[in-house]
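The residues of the chain are indexed from 1 along the displayed sequence.
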Amino acid sequence: MTSALLCFGIIATLFAGWRVGRRVRFFLHIFQLETYKFGRYGHWLAEHVPSLIVRPSHGAGAALLLGGGLAPSVVETGWGMLILLLAWTGAFISSRRYRSDREKTPLAFTDRMVRLVLPTALLALLPIAGGGLYGWTLGVPTGVLWYLGGLLLADLGAPVWVGLGAALVQPVETAIQRGFKRQARRRLQARPDLSVVGITGSYGKTSTKVIVAELLRQTYNVYATPSSYNTPMGLCLAINEHVKPEHQVLVLEYGIRYPGDMDELCNIAEPDASVVTTVGVAHLETMKTQDNIAAEKGGLVERTASGGPAVLNVDDERVAAMAERAPGPVWRVSTEGHPDADIAVHDIQYDTGGTAFDVTDDTGTTATFETQLLGRHNVLNVLLAVAVGRSMGLRLRQMAHAIRRVEPIEHRLQLRSRGGVTIIDDAFNSNPVGARNAVGILGEMGEGQRVIVTPGMVELGDRQWTENKRFGHFLARPDLDLVVLVGEEQTAPIQEGLSEAGAPEERVKVVSSLAEAQEVLKRRLTPGDVVLYENDLPDQYSV
């Protein structure tokens with residue numbers, strides 16, 4: 001019996017320890033996704049207490065320990081302790097809620113993350129070591145209960161260990177960040193020949209950055225930041241590590257979530273030319289109103305170098321109003337025929353191969369643009385890039401030639417084909433304007449069935465229910481054959497909107513996971529059909 005107890009004790013430790021490691025890693029990832037901000041991390045934790053922080057296994061573990069403490073005579077017997085260890089193993093055997101293979105944006109083991117891992121791991125080990133050492137002095141069975149209690153505390157406290165670990169290394173991180181910022185400013189000051197193009201907006205920043213870089217490469221040696229390097233440390237990394245002496249133009253993306261973020265970014269790199277795409281409802285949770293978002297993003301225009309161009313989307317009235325804050329010339333672009341537009345578009349057409357449209361520039365010259373990019377918002381992004389190019393001396397026709405090489409950004413209206421079915425992958429989108437644009441594109445594509453798969457939109461603050469309900473109304477359009485909603489509870493407002501708009505029940509399918517949605521599609525789709533994956537799919541903690 002002794003050897004059996006030892007064996008099952010080791011098994012119970014391994015399963016519980018594995019779960020502790022999985023949970024610690026998971027919350028480290030969340031802290032990184034929330035840009036290492038304590039306030040944002042705390043807000044995320046507060047919203048996920050019942051689903052991901054306190055689990056039924058914690059209640060089961062606590063009940064087992066309480067039962068063992070109240071009935072010591074039972075657990076003193078070999079069979080009693082064996083049953084306790086088996087039950088404990090069963091309570092902590094599953095860690096699939098914290099799997100890493102379904103992450104949309106994987107955990108990046110940056111230098112900062114590596115510095116955070118060590119104190120966090122040590123903090124998580126403390127209750128295990130403490131319970132084990134104290135339990136050793138008490139013997140069986142009380143000592144085993146203390147040891148298991150340490151494992152339980154380590155598991156339950158995983159989000160706390162991450163927060164405390166971050167607090168311990170925060171003074172070091174602050175000093176390092178200040179050094180990075182000073183270095184970035186010095187490098188830019190030493191390069192008066194380098195032109196900085198800054199791009200901001202609620203939507204379309206990354207796409208516009210990619211297009212601007214490709215068009216400017218017709219004449220200049222250009223470096224554009226990869227992915228979404230739009231934070232202070234992202235800008236510093238790009239400037240300090242990747243900008244070379246041969247680069248003539250640096251294209252940067254400026255992202256904001258809180259008041260004051262734009263000044264922090266501009267203090268690192270003031271733009272010689274600025275671009276503002278849109279002012280939408282993204283990040284209302286932190287910015288509260290669209291006017292606040294506009295005021296913050298308009299700071300990029302205001303901080304543009306004296307005499308430098310500001311390129312504005314005048315179809316957005318809040319962006320158009322930023323012209324008053326510009327210290328230099330303003331280039332206005334429009335996809336909706338605005339009379340003041342310097343760069344305008346005509347005759348937009350798109351199909352399963354992409355989009356074609358005519359562009360007229362400030363000189364009255366017109367050229368036809370053909371691109372793999374989809375959607376009117378991508379046409380807008382092209383026009384913004386054309387305005388930057390024209391402000392830097394490029395001709396319209398050479399930009400029309402260059403646009404053919406621009407490929408869609410992964411998961412952002414990316415066209416693919418599988419088994420004769422056309423797939424529109426817009427999984428990284430999560431805003432109302434982009435979602436409706438994508439659905440509009442779907443409605444005009446192909447001759448077969450048109451299907452959308454979506455879990456709805458997130459990070460819209462108080463407007464999240466309303467915007468998702470409006471999206472439901474929009475999805476009731478007759479040119480969609482099937483709407484697959486992922487998540488019963490989170491898609492409730494979309495379901496309500498669909499119902500109010502009179503969508504037939506047979507055209508709406510609600511599933512619990514992306515995997516279940518895929519099974520529905522396998523049974524339904526045939527060659528010639530088109531399916532749109534819209535908004536935040538896949539996501540490890542929402543589907």
Side-chain angles (χ1 to χ4, degrees), residues 35-36 108 110-112 114-115 171-201 205-206 208-256 260-276 296-311 325-331 384-385 387-394:
T35 65
Y36 301 98
T110 61
D111 290 343
R112 180 170 187 174
V114 171
R115 288 191 294 270
V172 175
E173 298 301 333
T174 299
I176 291 173
Q177 289 179 24
R178 286 174 179 167
F180 285 153
K181 291 176 183 179
R182 285 194 299 269
Q183 182 184 359
R185 285 192 292 266
R186 286 197 299 266
R187 284 178 62 85
L188 289 181
Q189 289 168 2
R191 290 290 309 275
D193 59 314
L194 181 69
S195 295
V196 177
V197 178
I199 301 171
T200 193
K205 294 186 295 297
T206 302
T208 302
K209 176 184 65 180
V210 170
I211 300 168
V212 166
E214 188 59 48
L215 298 192
L216 292 182
R217 286 191 181 105
Q218 300 304 295
T219 302
Y220 301 97
N221 191 322
V222 180
Y223 175 76
T225 52
S227 187
S228 295
Y229 274 39
N230 56 21
T231 64
M233 289 303 100
L235 264 60
C236 288
L237 178 63
I239 296 165
N240 295 335
E241 302 294 333
H242 302 301
V243 175
K244 306 301 180 185
E246 61 268 22
H247 289 135
Q248 298 168 292
V249 178
L250 171 61
V251 186
L252 298 175
E253 185 180 336
Y254 293 64
I256 63 104
D261 281 357
M262 187 59 74
D263 273 340
E264 183 180 4
L265 293 165
C266 289
N267 287 340
I268 297 169
E270 283 197 341
D272 297 294
S274 57
V275 180
V276 184
E296 188 69 21
K297 291 188 178 296
L300 183 70
V301 175
E302 195 169 279
R303 296 286 296 270
T304 304
S306 179
V311 178
R325 302 174 67 176
V330 175
W331 287 72
L384 293 166
V388 174
R390 288 291 303 128
S391 74
M392 298 180 68
L394 274 68

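- Listed here is the closest heavy atom pair of Gly307 and Pro329: O-CD, 3.3 Å.
- Partners of Ala387 according to the side chain to side chain contact (heavy atoms under 4.5 Å, CB included) rule, which considers only residues two or more places apart in sequence or in another chain, are Val311, Trp331, Val333, Ile343.
- Taking CD1 of Ile199 as the reference point, atom OG1 of Thr208 lies at 6.0 Å (rounded to 0.5 Å).
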### side chain to side chain donor-acceptor pair (under 3.5 Å) evaluation trace for Lys205 with Thr200
CA-CA 6 Å; Lys205 294 186 295 297; Thr200 193; 5.8 Å; no
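- Ala305 approaches Asp272 most closely through the heavy-atom pair CB-OD1, 3.8 Å.
- Side-chain atoms of Ser391 come within 3.5 Å of backbone atoms of Val388 as a donor-acceptor pair (strictly under, hydrogens ignored).
- The side-chain heavy atoms of Val222 and His247, taken from C-beta on, include no pair separated by under 4.5 Å.
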Side-chain donor-acceptor distances from residues 237-244 under 3.5 Å, at least two apart:
{"residue": "Asn240", "atom": "OD1", "partner": "Ala184", "partner atom": "N", "Å": "3.1"}
{"residue": "Asn240", "atom": "ND2", "partner": "Phe180", "partner atom": "O", "Å": "3.2"}
{"residue": "Asn240", "atom": "ND2", "partner": "Cys236", "partner atom": "O", "Å": "3.2"}

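- Across Arg303 and Asp263, no two heavy atoms sit closer than the pair NH1-OD1, 3.1 Å.
- Counting only distance, with no hydrogens or angles, the side chain of Arg390 and the backbone of Leu394 share a donor-acceptor pair below 3.5 Å.
- The closest side-chain heavy-atom distance from Asn221 to Val249 is not below 4.5 Å.
- For Tyr220, the ring pair (Phe, Tyr, Trp, His ring centres under 6.0 Å) test picks out no residue, with sequence neighbours left out.
- Panel note: side chain Gln177, backbone Met233; no donor-acceptor pair is recorded below 3.5 Å.
- Of the candidates Thr206, Thr225, Thr231, Glu253 forms a side chain to side chain donor-acceptor pair (under 3.5 Å) with just one, namely Thr206.
- Sorted by first and then second residue, the salt bridge (Lys or Arg N to Asp or Glu O under 4.0 Å) pairs involving residues 191-200 (not counting sequence neighbours) are Arg191-Asp193.
- Using a 4.5 Å heavy-atom threshold, the side chains of Val330 and Pro309 count as separate.
- By the side chain to side chain contact (heavy atoms under 4.5 Å, CB included) test, Glu302 is found to be paired with Arg325, residues two or more places apart in sequence or in another chain being considered.
- Closest approach of Ile268 and Leu188 over heavy atoms only: O-CD1, 3.5 Å.
- In this structure, the separation between CD on Glu296 and CG on Leu265 is 9.0 Å, given to the nearest 0.5 Å.
- Going from atom OH of Tyr254 over to atom SG of Cys266 covers 5.5 Å, rounded to the nearest 0.5 Å.
- By the side chain to side chain contact (heavy atoms under 4.5 Å, CB included) test, Thr174 pairs with Gln170, Arg178, sequence neighbours left out.
- Of the inter-residue distances, the one linking Tyr223 atom OH with Leu250 atom CG reads 8.0 Å to the nearest 0.5 angstrom.
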### Task
Could you walk me through whether Leu216 and Met392 pass the side chain to side chain contact (heavy atoms under 4.5 Å, CB included) test, one step at a time?
CA-CA 8 Å; Leu216 292 182; Met392 298 180 68; 3.9 Å; yes
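- Taking CG of Leu235 as the reference point, atom NZ of Lys181 lies at 10.5 Å (rounded to 0.5 Å).
- When all heavy atoms of Tyr229 and Gly234 are compared, the closest pair comes out as CD2-O, 3.5 Å.
- Two residues are said to be in side-chain contact when any heavy atoms from C-beta on lie closer than 4.5 Å; Thr110 and Arg115 fail this criterion.
- If you take CD1 on Ile256 and NZ on Lys297, they are separated by 4.5 Å, rounding to the nearest 0.5 Å.
- Residues Val301 and Ala310 approach most closely at CG1-CB, 4.0 Å, considering heavy atoms.
- Residues Leu252 and Pro271 have side chains not in contact (no heavy-atom distance under 4.5 Å, counting atoms from C-beta outward).
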